[in-house]
Amino acid sequence: MSAAARIVLVLVLVAFPLIGGDFYINLASQIFIAALFATSLNLLVGYGGLVSLGHAAWIGLAAYTSAWLYLHLGLRHWITAPLALVNTTLIAGLFGWIALRATGLGFLMITLALSQVLWGTAYRWAAVTNGDNGLSGLTRPAPFGISLDGPAAFYYFSLTVTIVAVWMMARLVNSPFGAALRGSRDESRRMSALGHNVWLVRWLTFVYSGFWGAVAGLLFVYYHKYIHPTALSLTSSAEVLLGVIAGGAGTIAGPIVGAAIVLILKNYVSAYLDRWNMLLGAVFVVIVIFMPDGIVPGIRRWSARLRKT
Amino acid sequence: MQFWIVQSLNSLALGGLLFLLATGFSLIFGLMRIANLTHGALFMLGAYVGVTTLKFVPNLWLAALIAGLLVALFGGLLERSILRRLAGNALGQVLVTLGVSFIVADFCLIVWGGDPIPIAAPTSLQRPIVVGNIAFPAYRLVVLGIAIITAIALHLLMERTRLGAMIRAGVDDMQMARAVGVPVSRLFTTVFCLGAALAGAGGVIAGPIMSAYPGLDADMLPLALIVVILGGVGSLLGAFVGSFVIAIIYTFGSALLPDLAYVILFLPMIVVIAFRPRGLFGRRST
């Protein structure tokens, strides 16, 4: 992206709440959360070659931890947020240790099974999670005394967090560690032969990805002020994975575009008819068969061809 | 005492059902390297097709057979028309099966509605078996019997027939099997249909115990996955042992610690993955 385009993008994002209505401001906040979440999954899928079907675990765990601490122990947000992040990251460490005993399809199946275990527990462990009713009565934090209850305030808050998070993840990808990660994806044997600890590179990425997933989880629960087991469901993991793949795994812009498309599609479809799951499935099939590289690499190839002629 | 006996019998029945589901998943994965995430949805589709079939044919076993055939037909179409196009692209295949599972689940919701539909056990099996002071539903024992017979039949198929020999060859070394003239393409479709048929018939047989409801697929798929992770991919014995281990843990977990039944499922998985990443009876790593 050229410098001019970046400046225009930033101006548009900053000015948007001044022009758009509340509905669109809220939609944009949700897109930021989805984009952050998809970017964290992209670290594994796109750069590590590790396709996880259990990424919803991090949004759910962070949201439930924060909500439970707030409701049951009465802790304030500035304590619940770091505790939720620490708790989720620790569990990501454990899950990563288990799931990375395998790669490829085995990794996918184990992450799926682990997140389904959490999903089932969220439904059944009613003493903690309030079961199918979910946890409600939550509030948004007020950092530095600024209330986030208005749509515009929350918009700027989630925009800031998302930009910082994406920047931090892009830094990891472009660092020597990121190069080692991509190496472990493409040529894991050679990387081992060169003296890299491939397992450790993958595990650290898994934990880092889980951490940013947890950040997305906090934004998620602050936005909705409510958390339900469906946040942990396979559908939820599938939505974010679809965003990554549809947009273009292994690019920074791809998952952001993909997550935005999936979220907008879901919002509009849910408003008119109750068939989101069927559409989600159909989009999956179509994308995998006809556009396996994703939208952003597709557009890049297309514009490169235009420039040549 | 009575609690332990009844729960043990319950877990054996659940183990039988899990075996019908997981063995197909394991075979398909072992041979074709496809993690067929539609499998839970095929199980549910089977249960619902059974519901409709029972309106015309008042016999549960016949309904299970018909549902098994129809689900096998669907599985064959899926394999031939979509999965085949993505040959060699393991990730694409697993994502497509995930997409199809959402479509099938939503289709069932449209056609059969959101309320659970009970399926009655055959009248002759509705009376409980009474031994001493313990009464136990006869149907569950029959389910266990069906699973054992299926396991023996599959074992004979795998070990004693030409088809089985070809499947074993494919699981062990696909390229070599192809080179010596095993018709791998036809084999894939056969195994996929077989796995789908077992799942579909299993759904009907599960009906009197679980009934047909939306979400049956999401409840069963993780159990099947854990069975396969535990037992090892492509192993009949692994699927059999894994099914009963998971069923026992899940049943007693649900009875003793209902809140944490799912967390308890997690433990055998951690132990097995930590010490035997290939699963108990797996021949090669996933």
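Every chain is numbered from 1 and lettered A, B, ... according to where its sequence line falls, protein lines coming before strand lines.
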| query | Hey, which of B:L109, B:I110, B:L86 has the most heavy atom pairs under 4.5 Å with chain A? | reply | B:I110
| Taking side chain as C-beta onward, heavy atoms only, is B:F25 less than 4.5 Å from A:M109? | yes
| field | Heavy-atom check, side chain of B:I103 versus side chain of A:N277, under 4.5 Å | value | no
| task | Verify the neighbour count for atom CH2 of B:W112: are there more than 12 heavy atoms of other residues, nucleotides or ligands below 6.0 Å? | result | yes
| Considering only heavy atoms, which portion of B:V263 lies under 4.5 Å from any heavy atom of chain A: side chain, backbone, both, or neither? | both
| said: I want to check something: taking the side chain as every heavy atom from C-beta on, are B:L91 and A:V288 in contact at a cut-off of under 4.5 Å? | reply: no
| query | What part of A:L108 lies closer than 4.5 angstrom to a heavy atom of chain B: side chain, backbone, both or neither? | reply | side chain
| Proximity breakdown for A:L279 and chain B, heavy-atom pairs closer than 4.5 Å | neither
| task | Please look at A:S233 and chain B and tell me whether the side chain, the backbone, both or neither of the residue comes under 4.5 angstrom of a heavy atom of that chain. | result | neither
| said: More than 12 heavy atoms of other residues, nucleotides or ligands under 6.0 Å from CZ of B:F3: yes or no? | reply: yes
| So do B:L98 and A:L234 actually touch side chain to side chain, heavy atoms under 4.5 Å? | yes
| Given that the side chain runs from C-beta out, which part of B:V228 has a heavy atom under 4.5 Å from chain A: side chain, backbone, both or neither? | side chain
| request: Go through the atoms of B:L257 and report whether side chain, backbone, both or neither lie under 4.5 Å from a heavy atom of chain A. | output: neither
| Can you find a pair of side-chain heavy atoms, one from B:I226 and one from A:V117, that are under 4.5 Å apart? | yes
| said: How long is the straight-line distance from CG of B:L95 back to CG of A:L242, given to the nearest 0.5 Å? | reply: 9.0 Å
| request: Please work out whether the ring planes of A:F284 and B:F102 are parallel, tilted or perpendicular, with thresholds of 30° and 60°. | output: tilted
| said: Can you tell me which portion of A:L118 sits under 4.5 Å from chain B's heavy atoms? Options are side chain, backbone, both or neither. | reply: neither
| said: Is B:L223 close to chain A through its backbone or its side chain, or both, or neither, when contacts mean heavy atoms under 4.5 Å? | reply: neither
| said: Tell me which of these, B:A218, B:S254, B:S101, has more heavy-atom pairs under 4.5 Å with chain A than the rest. | reply: B:A218
| field | Part of A:I245 within contact of chain B (heavy atom distance under 4.5 Å) | value | side chain
| Flag if over 12 foreign heavy atoms under 6.0 Å of CZ, B:R84 | yes
| Below 4.5 Å, heavy atoms only, C-beta onward: do B:L225 and A:Q116 meet side chain to side chain? | no
| query | About how many Å separate CD1 of A:I110 and CE of B:M269, when rounded to the nearest 0.5 Å? | reply | 6.0 Å
| task | Starting at OH of B:Y262, measure out to OH of A:Y123 and round the result to the nearest 0.5 Å. | result | 10.5 Å
| message | Other residues, nucleotides and ligands only: do more than 12 of their heavy atoms fall within 6.0 Å of CH2 on A:W199? | response | yes
| said: Using a 6.0 Å cut-off, check whether atom CZ of B:F107 has over 12 heavy atoms from anything other than its own residue. | reply: no
| Option that, when pairs with chain A are counted at under 4.5 Å, heavy atom only, ranks first among B:P222, B:P258, B:A261, B:A90 | B:P222
| task | State whether the side chain of B:D106 and the backbone N or O of A:M278 hold a donor-acceptor pair below 3.5 Å, judged by distance alone. | result | yes
